Amino acid sequence: MVAQRVNAKLPARGGVGLKADHYRTILDDKPDIGFFEVHAENYMGAGGPPHGYLEAIRRDYPLSIHGVGLSIGGADPLNKDHLARVKDVVDRYDPGLFSEHLAWSTHDAEYFNDLLPLPYTDATLQQVVEHIDEVQTFLGRQMLLENPSAYVFFKESTFEETEFLREIVKRTGCGLLLDVNNVFVSATNSGGSPEDYIDRFPVDHVHEIHLGGHAPDTDEAGLPLLIDAHDRKVADPVWALYARTINRTGPLPTLIEWDANVPSWEILAYEAAQADVMIQSHCQAHSTASAERSGHVSEV
Amino acid sequence: MSQRSDNTEENVTVKGYGVPLEDLQLNLQHFDRFSDGLMNPEVPVPDGVVGRDGHPSEKRYGVYRNNVMASLIDALAANFPAVHDLVGRDYFRALAAEFIRENPPEQPVLSEFGSNFSEFIGAFPPLADYPYLKDVVAMEWAWLRVYHGANATAVAPDVLTTVDPAKLGDAVFTPIPAYRLVYSRFPLNRIWKQTRSDHVEGFTPEADQAILICRPDMDVTLTGLPQDVAAFADLLFFGKTLGEAAEAVAPAYEGFDLSQALGSLLSARVFARVDVKA
C-alpha cells in the first residue's frame with residue numbers, strides 16, 4: 001500500500017543528501033527544499049526504520065537514487081544479485097533520477113567500498129558501455145553516469161575524460177551527472193583547468209549536478225592534492241565553477257553532498273539555498289538577456 | 001590503436017564491440033594490480049599509476065588505500081558499536097583491519113557486512129581471555145538483522161481470546177520476520193546497558209538465559225526470557241503447536257508455567273498470526 005506521493009520529477013533547485021540525523025526534523029518541519037537524494041545501498045534491507053522514514057519523506061518530496069556499488073567501471077561482470085536489489089529500491093521509491101559512477105569498487109568478487117579510478121582506453125570503454133547497457137535494460141530506465149574525482153592518473157589512458165563520457169553517452173543513451181566539485185578536485189590534482197573541462201563537457205546530456213566539499217592536502221612532490229571528502233561546505237571556487245556550469249547547462253537539479261561530519265539541518269539547507277539563489281540569478285540574467293535580444297529583433 | 005578517426009579494419013573493431021583479446025588481458029591486469037595494494041600497504045604503487053608530474057605517487061595511491069580500509073572499518077564499527085566501545089577505538093580499528101583483510105566484503109550492502117565477525121573474534125588468540133565478546137558480537141548481529149528485517153504486523157497480546165479454548169492446544173504461532181533469540185552464559189544485558197541505549201529492565205542473568213530481540217513496529221525491543229520460556233519459544237518458532245511445545249518443555253523444567261510463558265511472548269508481540277491446526 002503506497003500513500004499518495006508528490007510527482008517524481010526533480011525540480012531545477014537545490015537538494016540535499018538525506019541523512020538519518022535529519023529524518024525527524026524533515027518529517028516534523030517539512031522544510032522547503034527541492035529534493036532529497038539517497039544512496040541505494042543504504043535502503044536495501046527488507047524493512048525497518050530506514051524504509052519507514054524514506055517512505056514518509058518520499059510522500060512529500062521528489063527523490064533521486066544514487067548507487068555506489070554497481071562497479072560500472074570494473075572488469076568483473078556486474079553483480080546480478082546487487083543489480084536486482086538496486087531495481088527493488090528503484091521500483092519501491094519511483095525516483096526522478098537514478099545515477100551511478102564512472103568508477104569501480106569490486107574486483108575478483110571483493111568489494112572495496114571506494115570509487116576507484118579506471119584508465120580511459122578502448123577496452124575500458126567497451127566494458128563500461130556493456131555494463132550501462134545491462135543496467136538500463138534491467139532497470140527499464142535511463143541512468144545517469146557521474147564523472148569521478150581522481151587522485152592518480154594512468155599512463156595507458158588514451159581518451160580525455162570528457163571524450164570518454166561523450167563516447168559512452170553516444171553508445172548507450174545514458175545521461176550524465178556532472179559533479180562540479182569532482183571536476184575541481186580532478187583538475188587541481190592533474191594540473192588541468194576546471195573551466196576548460198566544463199567548457200568541453202557534453203552538457204546537453206546532463207540531468208543533475210552535484211556539489212560537495214573537499215579537503216586540501218599536498219602530495220610528496222609538494223603539488224596540491226584535493227580529497228573529495230564531502231565533509232564541509234562547498235568551496236568558493238567550486239561555486240564559481242557552478243555558475244559557469246549552469247550558464248552552459250541551464251538550471252538543473254543540484255545536490256549538496258555532505259556525508260562526513262554531517263552538520264545541523266540548518267547549515268545543510270543553507271548550502272542548498274545558495275544553489276537556489278544562483279539558479280534564480282542565472283534565470284533572471286538569462287530572461288533579461290533574451291528580453292533584450294527579442295526587443296532588439298522587434299526594432300529591426 | 002585508440003585513434004578513432006579513419007576507417008581501417010582495425011579501427012572498426014576497436015570502435016565497435018571487438019576490442020582485441022590481448023588488450024582485454026592487459027586491461028584485466030590493470031585491475032588486478034590496482035586491487036592488490038588496496039588492503040596491503042606492503043604492495044608498491046602499481047605500474048603506470050602516476051601523479052600530476054608523471055611519477056608514481058605513494059601519497060596519491062595511498063588516498064585509495066586509506067579510503068578502502070578506513071571506510072570498511074567505519075562500517076564494521078557502525079554495525080558493532082558495543083564491541084567498539086568495549087575494546088576501545090584503537091584496538092577495534094586494528095582488530096577490524098585484520099578481520100577485513102581476511103574477510104573482505106563480497107557485496108556492497110555494508111549493513112550486511114560482518115556475518116562471521118563473531119566467529120573471528122571467538123578464534124582470535126589475543127582475545128582468548130574475553131570470551132563474552134563473541135556473544136556480544138553475535139547479539140549485535142542479531143539486533144542488526146532484526147532492525148533491517150521485513151516489516152509485519154504483530155497480533156495483539158489478547159489474540160487468544162479469539163481462539164476456541166478447546167482448540168488452544170492445536171494453535172500454531174507464526175513469528176514476525178524481524179525476530180532473533182540469542183543465548184549467552186554471560187550477562188549480555190548488563191554489557192548492552194553500558195554500551196547501547198536500549199536494554200531489558202529487570203533482567204537477571206542467573207534466571208534469564210536468553211534475550212528475545214524483535215521489532216513489531218519501528219523500534220527494536222529486547223525481552224529477557226528464562227531458560228524454560230526460551231526453549232518453549234524456540235519450539236513455537238519452529239512450528240510446533242502450543243500443546244506439543246508445552247508437553248516437550250514441562251517435563252524438562254520444573255515449575256514451567258505455560259500461561260506465564262505464553263503471556264510474556266505475546267506481550268513481546270513477536271507473533272504475526274495464530275492459527276488452529278486442522
Side-chain angles (χ1 to χ4, degrees), chain A residues 41-42 44-53 67-71 74-76 79 81-82 85 104-119 121-127 129-130 151-156 158-159 167 189-191 217-221 223-225 227, chain B residues 1-4 14-20 23-24 26-28 30-32 34-35 38-39 45 47-64 67-68 71-72 75 104-113 146-152 177-178 215 218-220:
Chain A
E41 283 71 13
N42 290 340
M44 288 188 174
H51 284 299
Y53 285 113
V68 298
L70 277 175
S71 201
D76 280 6
N79 177 334
D81 293 341
H82 192 64
R85 297 181 82 175
W104 56 285
S105 51
T106 301
H107 186 63
D108 270 350
E110 261 182 57
Y111 176 66
F112 293 110
N113 198 37
D114 194 24
L115 298 166
L116 300 163
L118 54 145
T121 64
D122 290 303
T124 57
L125 177 63
Q126 175 177 316
Q127 82 199 9
V129 164
E130 285 173 0
Y151 312 118
V152 297
F153 306 94
F154 298 96
K155 285 190 163 170
E156 61 200 290
T158 53
F159 288 83
E167 204 53 40
N189 290 345
S190 69
D217 200 351
T218 51
D219 70 7
E220 53 272 80
L223 297 166
L225 176 57
I227 313 293
Chain B
M1 179 201 83
S2 64
Q3 294 312 306
R4 290 151 287 112
V14 167
K15 249 200 118 164
Y17 288 85
V19 173
D23 287 0
L24 291 178
L26 284 172
N27 181 49
L28 195 58
H30 155 78
F31 287 90
D32 288 340
F34 201 96
S35 302
L38 289 173
M39 292 192 182
V45 179
D47 283 348
V49 174
V50 296
R52 167 178 163 177
D53 54 3
H55 297 296
S57 165
E58 174 53 50
K59 179 87 182 262
R60 286 166 180 258
Y61 181 66
V63 176
Y64 297 105
N67 283 351
V68 169
S71 72
L72 290 175
E106 292 167 352
Q107 56 78 39
V109 184
L110 292 177
S111 60
E112 296 169 12
F113 177 46
V146 169
Y147 182 82
H148 291 290
N151 299 338
R215 191 176 54 73
M218 284 282 250
D219 294 325
V220 177

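Chain naming here is simple, since letters A, B, ... match the order of the sequence lines and numbering starts at 1 in each. What you are looking at is a predicted structure, and each value in this text was computed from that prediction instead of being measured.
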Identify which of A/P224, A/A221, A/G52, A/P119 forms the greatest number of heavy-atom pairs closer than 4.5 Å to chain B. A/P119
Check step by step if side-chain contact (heavy atoms from CB on, under 4.5 Å) holds for B/Q107 and A/N79. CA-CA 8 Å; B/Q107 56 78 39; A/N79 177 334; 4.2 Å; yes
Find the distance between CG (A/N113) and CG (B/L38) and round it off to the nearest 0.5 Å. 11.5 Å
Give the minimum heavy-atom separation between B/K59 and A/L225, together with the two atoms involved. CG-CD2, 3.9 Å
May I ask you to test the B/R60-A/N189 pair for a side-chain heavy-atom distance under 4.5 Å? yes
With A/Y111, which residues qualify under ring-ring contact (aromatic ring centres under 6.0 Å, His included), at least two apart? none
In the structure I gave you, are the side-chain heavy atoms of B/H148 and A/P50 within less than 4.5 Å of one another anywhere? yes
Engaged part of A/L70 at the chain B interface, taking heavy atoms whose separation is under 4.5 Å: neither
Is A/E220 reaching over with its side chain to a backbone N or O of B/E58, donor-acceptor style, under 3.5 angstrom? yes
Which one, B/S35, B/P104, B/A178, leads in non-hydrogen pairs under 4.5 Å with chain A? B/S35
Check: A/F112 and B/F34 side chains under 4.5 Å, non-hydrogen atoms: no
Salt-bridged, A/D219 to B/R52, with N to O below 4.0 Å? no
Heavy-atom closest pair, residues B/P108 and A/G69: CG-O, 3.4 Å
Kindly give the heavy-atom pair with the smallest separation between A/G47 and B/R215, and that separation in Å. C-NH2, 3.9 Å
For A/N42, which atoms come within 4.5 Å of any heavy atom of chain B: side chain, backbone, both, or neither? neither
In this structure, NE2 of B/H30 is separated from OG1 of A/T121 (nearest 0.5 Å) by 8.5 Å
So which of A/P117, A/G67, A/S190 has the largest heavy-atom pair count under 4.5 angstrom toward chain B? A/P117
Taking side chain as C-beta onward, heavy atoms only, is B/V109 less than 4.5 Å from A/H82? yes
Portion of B/D32 that has a non-hydrogen atom of chain A nearer than 4.5 angstrom: both
Contact part of A/T106 toward chain B, heavy-atom cut-off under 4.5 Å: side chain, backbone, both or neither? neither
Relative to chain A, which segment of B/S57 carries a heavy atom at a distance below 4.5 Å: side chain, backbone, both, or neither? both
Specify which of A/G74, A/S71, A/A123 makes the most heavy-atom pairs with chain B at under 4.5 Å. A/A123
With chain A as the partner, which of B/L110, B/L28, B/V45, B/D219 has the greatest number of non-hydrogen pairs under 4.5 Å? B/L110
Return the CD1 to CG distance between A/I227 and B/N67, rounded to the nearest 0.5 Å. 7.5 Å
Note: B/E112 and A/M44 closest approach over all heavy atoms is OE2-O, 4.4 Å
Do we see a donor-acceptor contact under 3.5 Å between the side chains of A/Q127 and B/N27? yes
Taking it one step at a time, do A/D122 and B/D23 satisfy side-chain contact (heavy atoms from CB on, under 4.5 Å)? CA-CA 8 Å; A/D122 290 303; B/D23 287 0; 5.8 Å; no
Just how far is it from atom CZ of B/F31 to atom CG of A/L118, taken to the nearest 0.5 Å? 5.0 Å
Looking at residues at least two apart in the chain, or sitting in another chain, which of them share a ring-ring contact (aromatic ring centres under 6.0 Å, His included) with A/F153? none
